[in-house]
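Structure, as structure tokens:
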Amino acid sequence: MTTTRTPRERAAFLTDGCDHVETLSELAQRLETGRPLRVYLGLDPTSADLHIGHAVVLRLLQRFVEDGHDVILLIGDFTARIGDPSGRNALRPPLSTEQIEANMQTYAAQAGKVLDMSRVTLRYNSEWLSKLTFSDIYKLLSQTTVAQMLERNDFKQRYENGTPIALHEFVYPVAVAYDSVAMNVDVELGGSDQLFNLLISRPYQVHAGQLPEICITVPLLEGLDGEKKMSKSLGNHIGLTDPPNDMFGKTMSIPDRLIPRYARLAAWWPAERVAELEAGLAAGRVSPMDEKKRIAEDLVTMYHGRDAARTARDWFERTIQRREIPAEMPELPLGGHSKVADVIVAAKFAESKRAAARLIGEGAVKIDGAVVEDPAARWTATGPAVLQVGSRKFVRVIP
RNA sequence: GGGUCGGUGGUCGAGUGGUUAAUGGCACCGGACUGUAAAUUCGGCUCGCGAAAGCGAUACGCAGGUUCAAAUCCUGCCCGGCCCA
């Protein structure tokens with residue numbers, strides 16, 4: 001714990017780079033008491049994989065760990081079972097218990113890539129939510145009005161557009177608010193899209209005779225498309241468990257205007273360095289591609305280590321930029337297939353034989369560097385041969 | 001509960017009895033180009049069999065029906081929006 005800084009300075013340090021803090025002075029006051037604060041982040045186990053967008057808030061949580069606070073990672077197993085409002089304006093189906101269990105298994109491990117899990121308490125909100133009686137829930141619901149709910153942008157838009165809003169979706173923010181009450185927390189973190197959900201915890205805590213939590217939100221990282229927020233279901237994400245080459249390549253694919261954003265939120269460059277980068281880009285002093293490579297390399301280093309990052313960079317430069325055939329690639333036994341299209345399907349480079357035949361017709365398929373032209377071509381190589389589909393899918397086929 | 005409109009391919013959205021897997025946008029895949037997996041541009045985008053021309057199967061909420069022929073008409077059911085209660 002830092003003792004040389006004033007509470008105000010500590011509060012500013014802890015919330016550096018955050019979107020919204022409700023409120024900074026409360027945080028400073030709370031820090032002034034000298035006791036470790038109880039800080040939590042809620043995650044819904046709705047998908048099995050965390051991505052680098054999640055890492056932004058996990059990193060903030062880690063900052064609180066390092067500052068000596070009681071940090072809780074709350075898995076929303078109960079809320080996930082009920083179903084919740086999703087930012088995609090669609091009703092998200094409730095998950096089965098098995099799915100949730102499976103997802104939760106991988107969560108802690110993946111969060112551990114950013115968070116020091118040995119200093120984090122893992123909790124599940126079924127612990128208290130499943131014990132509430134119907135009359136408890138009635139009392140909780142009476143504390144919030146429909147008008148307040150409709151203030152939330154997502155609900156407002158959906159109501160105006162005539163998109164259905166199920167009643168249970170109104171209950172979801174209340175359930176999340178109750179999490180804060182049940183754990184009597186001092187600080188709650190979330191993405192900026194969660195601000196509403198975080199804020200309504202405060203009156204609930206006051207009502208329960210607690211101090212209202214300080215709500216801190218972090219910027220949402222845009223996905224690879226540069227348009228929507230990063231999300232696995234949109235397929236525009238970089239997973240924390242993605243292999244090095246994928247991480248590197250995906251980072252290279254972001255639109256140029258996202259470079260500073262990724263430098264800051266994905267590669268965690270300090271604010272000054274990002275400012276410098278922005279100035280350099282604007283003035284045309286630095287090459288966007290080189291900067292992307294730096295960001296990509298830093299990112300891969302974070303999750304796979306320096307060597308893997310270097311290898312990934314090398315792979316990208318050879319295979320993608322210079323279109324060379326990579327030195328290493330998976331091997332696939334020919335397994336009695338006689339047509340090239342069948343081998344493509346066996347290598348999982350196409351979903352069906354028709355799709356494979358189309359790829360050949362498009363000139364996308366090469367064997368040992370030579371384009372295959374006939375969609376019905378037979379596999380004629382007698383020794384190991386490199387099958388390439390598109391510019392980055394390779395497999396060594398062993399007869 | 002009553003009225004009314006609607007449920008189309010990964011998604012949005014045309015299409016209202018007849019060469020046809022179904023216009024188009026987006027997404028996705030591929031070619032060219034490029035510092036780039038960006039932008040642009042061109043092409044592809046249900047599955048199986050066949051060397052190929054082709055043949056066959058499945059598809060417009062679900063189940064039946066009418067018809068030589070239905071995503072398109074009829075009946076029932078399921079689901080949803082809006083208005084009224």
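The shown structure was predicted, so the numbers you read here are calculated from the model rather than taken from an experiment. These values consider heavy atoms only, across backbone and side chains, with no hydrogens, waters or symmetry-generated copies. Letters A, B, ... mirror the listed sequences (proteins, then strands); counts begin at 1.
Annotation: of the two residues near RNA chain B, A:Lys339 and A:Asp290, the 5′-most nearest-nucleotide partner is A:Asp290.
B:G17 and B:A22: their C1' atoms are spaced 14 Å apart (whole Å). Taking the P atom of each, B:G9 and B:A59 are spaced 14 Å apart, rounded to whole Å.
Residues from residues 294-316 of chain A lying near RNA chain B, meaning a heavy-atom separation below 4.0 Å, are A:Phe316 in numerical order.
Every ring pair (Phe, Tyr, Trp, His ring centres under 6.0 Å) that A:Phe316 has, sequence neighbours left out, goes to A:Phe248. Every residue two or more places apart in sequence or in another chain that forms a ring pair (Phe, Tyr, Trp, His ring centres under 6.0 Å) with A:Phe64 is listed here: A:His69. Residues passing the salt bridge (Lys or Arg N to Asp or Glu O under 4.0 Å) test with A:Asp16, sequence neighbours excluded: A:Arg264. Under the side chain to side chain contact (heavy atoms under 4.5 Å, CB included) criterion, A:Ala377 pairs with A:Val340, A:Val372, A:Asp374, sequence neighbours left out.
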inquiry  = Output the pairing pattern of RNA chain B as a dot-bracket string, 5' first, Watson-Crick or G-U wobble with both distances under 3.5 Å, | for cross-strand pairs, [ ] for crossing pairs.
reply    = ((((((((.[[[..)..(.....]]].(((((.......))))).((((....))))...[[[[[..)....]]]]]))))))).
For a quick test of your reading: what N or O donor-acceptor pairs under 3.5 Å do the side chains of residues 177-185 of chain A make, sequence neighbours left out?
from, atom 1, to, atom 2, distance (Å)
A:Asp179, OD1, A:Trp128, NE1, 2.7
A:Asp179, OD2, A:Asn125, ND2, 3.3
A:Ser180, OG, A:Tyr40, OH, 3.4
A:Ser180, OG, A:Glu188, OE1, 3.2
A:Ser180, OG, A:Ser201, OG, 3.3
A:Ser180, OG, A:Glu213, OE1, 2.7

Could you pull out every donor-acceptor pair under 3.5 Å between side chains of residues 342-351 of chain A and any protein atom, sequence neighbours left out?
none

Anything under 3.5 Å between a donor and an acceptor, one on a side chain of residues 282-302 of chain A, the other on a protein residue two or more places apart or in another chain? List them.
from, atom 1, to, atom 2, distance (Å)
A:Ser287, OG, A:Met289, N, 3.3
A:Ser287, OG, A:Asp290, N, 3.2
A:Glu291, OE2, A:Arg294, NH1, 2.7
A:Lys292, NZ, A:Met252, O, 3.0
A:Lys292, NZ, A:Ile254, O, 2.7
A:Lys292, NZ, A:Asp256, OD1, 3.3
A:Lys293, NZ, A:Glu317, OE2, 3.1
A:Lys293, NZ, A:Gln321, OE1, 2.9
A:Glu297, OE1, A:Arg313, NH1, 2.7
A:Asp298, OD2, A:Trp269, NE1, 2.7
A:Thr301, OG1, A:Glu297, O, 2.6

ask   = If the sugar-phosphate is the primed atoms plus P, OP1 and OP2 and the base is the rest, what is the B/S/- string for nucleotides 39-48 of chain B, using protein heavy atoms under 4.0 Å?
value = ----BSS-BB
key: Candidate pair A:Tyr204 and A:Thr144, rule side-chain hydrogen bond (donor to acceptor under 3.5 Å, both in side chains), full reasoning   = CA-CA 9 Å; A:Tyr204 279 88; A:Thr144 305; 2.5 Å; yes
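Identified under the salt bridge (charged side-chain N to carboxylate O under 4.0 Å, His left out) test for residues 125-139 of chain A, with sequence neighbours left out: A:Arg123-A:Glu127.
Side-chain nitrogen and oxygen atoms of A:Arg323 include at least one within less than 4.0 Å of the OP1 or OP2 phosphate oxygen of B:A32.
Residue contacts for A:Arg378: at a heavy-atom cut-off of 4.0 Å it reaches the sugar-phosphate backbone alone, with no base atom in range. Among the heavy atoms of the strands lying under 4.0 Å from A:Gly390 are primed sugar atoms or P, OP1, OP2 only; no base atom is included.
A:Leu122 is connected to A:Leu115 through a chain of hydrophobic side-chain contacts under 4.5 Å among Ile, Leu, Val, Met, Phe, Trp and Tyr, so both are in one cluster.
Other residues sharing a hydrophobic cluster with A:Val386 under the 4.5 Å side-chain heavy-atom criterion for ILVMFWY residues are A:Ile325, A:Met329, A:Phe394.
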